[in-house]
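One structure is given here, and the rest of the page talks about it.
The first residue of the sequence shown is numbered 1, and numbering continues consecutively from there.
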Amino acid sequence: MSPRLYIDVHVIQTVPPANLNRDDQGNPKEAVYGGVRRSRVSSQAWKRATRLHFDAQIAEPDRATRSKRLTGGLADRITHASGLDKESAVRIASALLGQLGLSQGKKDGDTAYLLFYGNAQLDNVAALVTDRADELTALDDKDLTEAVKDLPVADCFKTGHPVGVALFGRMVADIPALNVDAAVQVAHALSTHETELEFDYFTAVDDKNEKDETGAGMIGTIGFNSATLYRYATVGLEQLTDNLGGDTDATLDALGHFIDGFVRSAPTGYQNSFAHRTRPGLVAVVVRADQPVNLVSAFEDPIQHEAGIQAASARRLAEEYLTATKMWGDTPLHTAVSHTFGTGDPRTKDTAEALSQAFGNPVGFPELLAGLRARIASLTEKTA
């Protein structure tokens with residue numbers, strides 16, 4: 001059994017003028033915290049960015065898909081495996097999935113909600129009928145439904161979860177047996193300081209303008225802001241291990257994929273307009289045995305607008321961590337930090353020293369991941 005451990009990930013990242021995650025008005029999302037307005041990026045936006053990032057690093061069968069078009073996806077697999085025409089494959093796919101009792105959407109063949117499933121899980125469902133495809137095609141709808149009703153379709157979705165489902169979970173409101181409890185919690189990213197919404201007024205010139213025409217071919221505005229963000233996520237190791245069937249190596253791989261993806265990814269809103277991709281100035285990892293701890297309280301009093309907001313934010317985070325551990329008597333099982341602040345630079349010397357006092361000497365991000373894996377493996381062995 002996996003130990004009850006929580007891996008907290010704290011990130012400080014500066015983003016230039018951008019609109020990472022828009023609201024219903026098309027402007028960057030915001031929130032009031034500490035009495036002032038902050039830039040905000042929703043947890044959903046960063047979770048999807050994280051998932052897409054690590055899916056790009058793993059084989060296609062190990063990836064997860066979230067879609068209403070489950071029937072079409074299954075039909076494609078049946079067609080590929082058996083050579084059936086698309087219409088026949090859709091009939092069989094509909095009969096197989098019909099036994100689950102999924103609520104149907106307005107469009108024929110769609111479910112009423114997005115279903116999160118592993119690509120290999122859907123391959124396994126298709127494999128249930130590959131050898132019988134021609135036989136099943138010859139049956140009418142009633143007999144087809146009867147012929148597949150006892151096939152273990154639900155079991156295919158209950159086991160062999162991909163990294164994405166194991167990490168982020170799955171909720172199927174009308175079929176609780178298919179639910180998977182999430183092993184990851186991701187906070188909404190907040191700026192460490194007050195921000196103001198600004199607008200980019202843009203014009204587009206028609207390249208085919210006649211000589212006697214003046215003005216722009218299109219005029220518009222895009223809302224944006226720039227911010228130093230505090231980002232936080234936590235992974236429950238026990239839940240993650242359970243979701244992956246008790247496989248320790250798979251759990252360690254999934255943990256590494258998540259942290260790497262969370263740190264390196266970014267939502268893609270208006271990315272072509274702002275080219276906003278940056279990397280964090282600070283990544284700190286804390287392994288705890290009691291509960292996850294979000295350190296956003298470090299920024300309840302907003303960082304003042306001055307040179308070096310990122311460095312000041314990192315220093316404030318280190319101070320908050322030290323204060324919290326002293327007050328509550330915390331004894332984390334492991335801490336590690338990667339950051340860009342040097343003791344040789346007078347502008348960041350105090351920040352670097354505070355971070356070392358709080359989280360230890362800095363290491364490169366690959367070394368942080370390797371050290372974390374080794375430490376979690378050691379803690380897991382002790383409780384085996």
Side-chain angles (χ1 to χ4, degrees), residues 6-11 13 15 18-22 29 40-70 73 111 113-124 157-172 178-189 229 231-237 239-245 247 249-271 276-280 283 285 292 294 365 368-369 372-373:
Y6 303 97
I7 298 90
D8 290 347
V9 185
H10 308 276
V11 176
Q13 182 170 2
V15 179
N19 188 338
L20 298 176
N21 183 209
R22 71 193 77 170
K29 289 184 177 179
R40 176 174 66 91
V41 181
S42 73
S43 59
Q44 294 90 335
W46 227 301
K47 280 193 283 189
R48 185 171 192 274
T50 300
R51 178 167 61 86
L52 294 180
H53 179 93
F54 65 61
D55 268 358
Q57 319 301 318
I58 59 180
E60 195 277 339
D62 297 328
R63 300 173 188 171
T65 299
R66 186 170 57 196
S67 176
K68 293 181 178 181
R69 299 174 178 86
L70 187 64
T111 55
Y113 38 72
L114 296 169
L115 189 72
F116 201 23
Y117 61 88
N119 293 349
Q121 291 177 322
L122 210 58
D123 290 338
N124 292 338
F157 290 105
K158 293 177 183 178
T159 59
H161 298 308
V163 175
V165 173
L167 286 166
F168 300 120
R170 175 175 65 210
M171 180 178 180
V172 185
L178 294 184
N179 289 347
V180 179
D181 290 335
V184 167
Q185 297 174 359
V186 178
H188 290 235
L229 299 170
R231 300 168 48 209
Y232 169 79
T234 188
V235 182
L237 189 72
Q239 184 65 59
L240 181 58
T241 304
D242 183 62
N243 290 350
L244 290 170
D247 188 328
D249 286 338
T251 299
L252 294 173
D253 288 342
L255 176 63
H257 282 310
F258 171 74
I259 295 177
D260 183 71
F262 180 66
V263 169
R264 295 179 186 270
S265 67
T268 57
Y270 281 118
Q271 64 178 1
H276 56 249
R277 293 297 293 269
T278 62
R279 283 184 170 168
V283 179
V285 174
N294 185 327
F365 185 61
L368 181 148
L369 290 177
L372 175 65
R373 183 186 180 103

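By the neighbour-count criterion of 12 heavy atoms within 6.0 Å, atom CZ of Arg48 is sparsely surrounded, having that number or fewer from other residues, nucleotides or ligands. Heavy atoms of other residues, nucleotides or ligands lying less than 6.0 angstrom from CZ of Arg22 number more than 12.
With contacts defined as side-chain heavy-atom distances shorter than 4.5 Å, the pair Phe258/Leu240 does not qualify. Within the 4.5 Å cutoff, side-chain heavy atoms of Leu122 are placed close to those of Phe157. The side-chain heavy atoms of Phe262 and Leu167, taken from C-beta on, include no pair separated by under 4.5 Å. Taking 4.5 Å as the limit, every side-chain heavy atom of Val165 sits out of range of all side-chain heavy atoms of Tyr117. The shortest distance between side-chain heavy atoms of Lys29 and His188 does not fall below 4.5 Å. Side-chain contact between Gln121 and Pro162 is present, with at least one heavy-atom pair separated by less than 4.5 Å. Considering only heavy atoms from C-beta on, Ile259 comes within 4.5 Å of Leu255 through its side chain. Side-chain contact between Thr50 and His53 is absent, with no heavy-atom pair separated by less than 4.5 Å.
Closest approach of Gln239 and Ala182 over heavy atoms only: CG-O, 3.6 Å. Residues Ala64 and Phe116 come closest through the heavy atom pair CB-CE1, 3.4 Å. Between Tyr232 and Pro292 the shortest heavy-atom distance is OH-CB, 3.4 Å. Counting all heavy atoms, side chain and backbone alike, Leu178 lies closest to Arg170 at O-NE, 2.9 Å. Scanning both residues, Leu114 and Arg66, for their nearest heavy atoms gives CB-CG, 3.7 Å. In plain terms, the two heavy atoms of His276 and Ala18 that are nearest each other are CB-CB, 3.6 Å.
Remark: Leu20 CG to Trp46 CH2 distance equals 5.5 Å, nearest 0.5 Å. Between Asp260 atom CG and Leu368 atom CG the span is 10.5 Å, to the nearest 0.5 Å. The line from CZ of Arg373 to CG of Asp249 is 6.0 Å long, rounded to the nearest 0.5 Å. Distance check, rounded to the nearest 0.5 Å: CG of Asn124 to OG1 of Thr159 gives 7.0 Å. For the atom pair CG of Asp181 and CE of Met171, the computed distance is 10.5 Å after rounding to the nearest 0.5 Å. Expressed to the nearest 0.5 Å, how far CG of Asp253 lies from NE2 of His257 amounts to 5.5 Å.
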request  = Could you walk me through whether Phe365 and Arg279 pass side chain to side chain contact (heavy atoms under 4.5 Å, CB included), step by step?
outcome  = CA-CA 11 Å; Phe365 185 61; Arg279 283 184 170 168; over 6 Å; no
Worked verdict on Leu115 versus Lys68 for side chain to side chain contact (heavy atoms under 4.5 Å, CB included) = CA-CA 6 Å; Leu115 189 72; Lys68 293 181 178 181; over 6 Å; no
message = Set out, in order, the CA-CA distance, both residues' side-chain angles and the distance that settles side chain to side chain contact (heavy atoms under 4.5 Å, CB included) for Thr65 and Asn119, then state yes or no.
response = CA-CA 7 Å; Thr65 299; Asn119 293 349; 2.7 Å; yes
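With hydrogens and angles disregarded, a donor-acceptor distance shorter than 3.5 Å links the side chain of Ser42 to the backbone of Ala45.
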